[in-house]
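Since the structure comes first, as structure tokens, the remarks are kept for the end.
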Amino acid sequence: MGNWRDNLRSVEPYTPGEQPKEKDIIKLNTNENPYPPAPGVMKAMQEMDTDLLRRYPDPTAGMLVDAIARRYGVGPDQVFVGVGSDDVIAMAFMSFFNSEKPIFFPDITYSFYPVWADLFRVPYETKALDENFAIRAEDYYGENGGVIFPNPNAPTSRYEDLSLIEDILQHNQDCVVIVDEAYIDFAGESALSLIDRYENLLVVQTFSKSRSMAGMRIGYAIGSPELIKAMSDVKYSFNSYTMNQTSLCMGKAAIEDEDYFQDCIRRIRATRDRSKEEFAKLGFSFIEPGANFIFVTHPRLEARKLFQQLRENHIYVRYFDKPRISEYLRVTIGTDEEMDALFAFLHRIINES
Ligand code: PMP
């Protein structure tokens with residue numbers, strides 16, 4: 001009796017950052033954008049023909065795929081869209097990581113990678129970042145079933161130059177290399193400039209961060225038509241209608257407002273520059289941030305305790321109780337006002353300690 005329990009799938013799930021219900025909090029824990037989406041996004045929602053809700057959406061997500069393709073100067077057959085980049089990466093794991101050999105990713109990185117690897121039964125090996133939390137290209141030279149890493153990396157915020165990515169690509173022509181660019185718009189040059197030369201390179205980006213649409217769940221991948229076709233075949237074997245009509249309309253409006261997008265990035269970078277100065281004045285050290293968050297540590301303040309003190313004072317940041325990074329806090333760049341409130345609080349704590 002009860003033998004069905006023997007066949008339950010047991011997995012250790014990914015734990016997303018908290019989404020507290022209280023109002024009046026300063027929320028710097030999940031790398032959301034502090035500014036609203038482009039004005040055209042609300043307009044697109046208001047103007048949406050409700051008859052479209054009665055029907056199934058376009059399974060090819062054509063209007064959104066075309067808008068993304070136009071923005072990045074690639075063909076529509078080079079774009080795959082999904083329900084956030086989490087969905088896109090999950091599809092990529094299923095589509096590309098089917099070797100007996102282990103896939104490689106850094107020891108400190110987006111903690112969803114080992115979860116997908118376990119879920120899809122993909123063997124993996126982690127490669128230790130160096131003492132400055134940099135990726136060492138040589139670690140990725142060995143035989144493997146695929147490579148994935150974020151650039152900038154999470155939670156370190158460290159951006160690696162394209163020369164490092166190209167080095168990894170040159171040594172990995174027999175597997176798919178995925179560069180997870182969730183935060184690239186806040187950093188430097190994208191690996192998209194390499195897709196024409198490396199048909200095994202998949203670049204994944206998202207509307208959740210630089211386009212202020214985490215709630216809408218839109219992510220995309222750009223790569224060679226062959227990679228995109230393989231992902232689409234997997235998607236159509238799983239769920240034909242991943243993208244709902246509202247995300248198609250609102251996503252298109254978001255990607256077409258380039259001026260608003262550039263302005264938003266500029267503001268967040270300016271606040272990031274100011275925040276670096278303030279953290280330094282308070283005695284924190286950090287890795288040069290490339291993303292919309294900063295990974296900080298203090299020689300006298302215990303990270304776990306500080307995380308709790310901040311939380312009790314309605315300021316949410318992210319703490320990871322993991323080897324090598326348990327003395328760090330990851331702080332999302334909010335508005336100037338939010339950051340000022342954080343710094344005023346930290347100032348008090350430091351003066352009292
Ligand atoms: N990659 C990285 C490195 C991330 O930090 C995140 C955000 N948690 C994602 C992918 C997924 O973002 P989304 O699904 O919202 O596009």
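The distance between the ring centers of Tyr328 and Tyr319 does not fall below 6.0 angstrom. In this structure, Phe112 has its ring center no closer than 6.0 Å to that of Phe105.
Residues forming a side-chain hydrogen bond (donor to acceptor under 3.5 Å, both in side chains) with Ser85 (at least two apart in sequence, or on another chain): none. Applying the ring-ring contact (aromatic ring centres under 6.0 Å, His included) criterion to Phe345, with sequence neighbours excluded, gives no partner residue. By the side chain to side chain contact (heavy atoms under 4.5 Å, CB included) test, Glu337 pairs with Thr335, sequence neighbours left out. Residues passing the salt bridge (Lys or Arg N to Asp or Glu O under 4.0 Å) test with Arg197 are Glu166, sequence neighbours excluded.
A salt bridge links Lys229 to Asp233: one of the charged nitrogens lies within less than 4.0 Å of a carboxylate oxygen. At a threshold of 4.0 Å, the pair Arg311-Glu18 counts as salt-bridged, since one of the basic side-chain nitrogens sits closer than that to a carboxylate oxygen. Classification of Lys209 and Glu32 as a salt-bridged pair fails, no side-chain N sitting under 4.0 Å from a carboxylate O. Using a cut-off of 4.0 Å between Lys/Arg side-chain N and Asp/Glu carboxylate O, Glu256 and Arg70 are scored as salt-bridged. For the pair Asp185 and Arg269, the salt-bridge criterion is not met [side-chain N within less than 4.0 Å of a carboxylate O]. A salt bridge does not link Lys127 to Asp107: none of the charged side-chain nitrogens sits closer than 4.0 Å to a carboxylate oxygen. A salt bridge between Glu258 and Arg71 is present, with a side-chain N of the basic residue lying under 4.0 Å from a carboxylate O of the acidic one. Looking at Asp336 and Arg274, a side-chain N of the basic residue comes within less than 4.0 Å of a carboxylate O on the acidic one, giving a salt bridge.
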Full working for side-chain contact (heavy atoms from CB on, under 4.5 Å) between Met243 and Val83: CA-CA 6 Å; Met243 308 307 285; Val83 188; 4.3 Å; yes

Steps toward ring-ring contact (aromatic ring centres under 6.0 Å, His included) verdict (Phe279, Phe343): CA-CA 8 Å; Phe279 274 122; Phe343 293 125; 4.9 Å; yes

Derivation of the side-chain contact (heavy atoms from CB on, under 4.5 Å) call for Phe286 and His298: CA-CA 9 Å; Phe286 47 83; His298 195 280; over 6 Å; no

Ile350 and Arg300: CA distance, side-chain angles, deciding distance, side-chain contact (heavy atoms from CB on, under 4.5 Å) verdict: CA-CA 9 Å; Ile350 287 166; Arg300 282 190 296 115; 3.7 Å; yes

Cys264 and Asn33: CA distance, side-chain angles, deciding distance, side-chain contact (heavy atoms from CB on, under 4.5 Å) verdict: CA-CA 9 Å; Cys264 212; Asn33 194 310; 3.8 Å; yes

Verdict with supporting geometry, Asp87 and Arg217, salt bridge (charged side-chain N to carboxylate O under 4.0 Å, His left out): CA-CA 9 Å; Asp87 179 50; Arg217 312 305 298 125; over 6 Å; no

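The CG atom of Asn244 sits 8.5 Å away from atom CG of Leu53, with the distance rounded to the nearest 0.5 Å.
Between Thr271 and Ile268 the shortest side-chain heavy-atom distance does not fall below 4.5 Å. Using a 4.5 Å heavy-atom cutoff, the side chains of Leu248 and Gln245 are in contact. Two residues are said to be in side-chain contact when any heavy atoms from C-beta on lie closer than 4.5 Å; Tyr110 and Asp180 meet this criterion. The side-chain heavy atoms of Asn29 and Thr332, taken from C-beta on, include no pair separated by under 4.5 Å.
A side-chain donor from one of Glu181 and Ser190 sits under 3.5 Å from a side-chain acceptor of the other. For the residue pair Tyr72 / Gln205, a side-chain donor-acceptor distance below 3.5 Å is found, with atom types taken as modelled. Counting only N and O atoms by type, the side chains of Tyr183 and Asn31 include a donor and acceptor under 3.5 Å apart.
Side-chain contacts under 4.5 Å among hydrophobic residues (ILVMFWY), followed directly or transitively, place Tyr56 together with Tyr241. Alongside Ile25, the hydrophobic cluster contains Tyr316 (criterion: ILVMFWY side chains under 4.5 Å). In the hydrophobic clustering, where aliphatic and aromatic side chains (Ile, Leu, Val, Met, Phe, Trp, Tyr) are joined below 4.5 Å either directly or transitively, Tyr236 stands alone. Under a 4.5 Å side-chain heavy-atom criterion applied to ILVMFWY residues, the cluster that includes Trp4 comprises Leu8 as well.
For the pair Arg330 and Phe295, the NZ or CZ position fails the cation-pi test of under 6.0 Å to the six-membered ring centre and within 45 degrees of the ring normal.
Here side-chain hydrogen bond (donor to acceptor under 3.5 Å, both in side chains) pairs that include residues 57-67, with residues two or more places apart or in two chains, are Asp58-Thr60. Each side-chain hydrogen bond (donor to acceptor under 3.5 Å, both in side chains) pair with one or both residues in residues 88-102, not counting sequence neighbours, appears once here: Lys101-Glu143. Counting only residues at least two apart or in different chains, ring-ring contact (aromatic ring centres under 6.0 Å, His included) contacts with residues 15-36 are absent. Annotation: side-chain hydrogen bond (donor to acceptor under 3.5 Å, both in side chains) contacts involving residues 278-291, sequence neighbours excluded, comprise Lys276-Glu288, Glu278-Lys281.
Taking a 6.0 Å sphere around CZ of Arg55, one finds it holds 12 or fewer heavy atoms contributed by other residues, nucleotides or ligands. Sparse packing is recorded around CG of Asp174, with 12 or fewer heavy atoms of other residues, nucleotides or ligands lying under 6.0 Å away. In the displayed structure, Asp6 atom CG is contacted under 6.0 Å by more than 12 heavy atoms of other residues, nucleotides or ligands. Within a 6.0 Å sphere centred on CZ of Phe238, other residues, nucleotides and ligands contribute 12 heavy atoms or fewer.
Both Val176 and Ile89 belong to a common hydrophobic cluster when Ile, Leu, Val, Met, Phe, Trp and Tyr are linked at side-chain heavy-atom distances under 4.5 angstrom.
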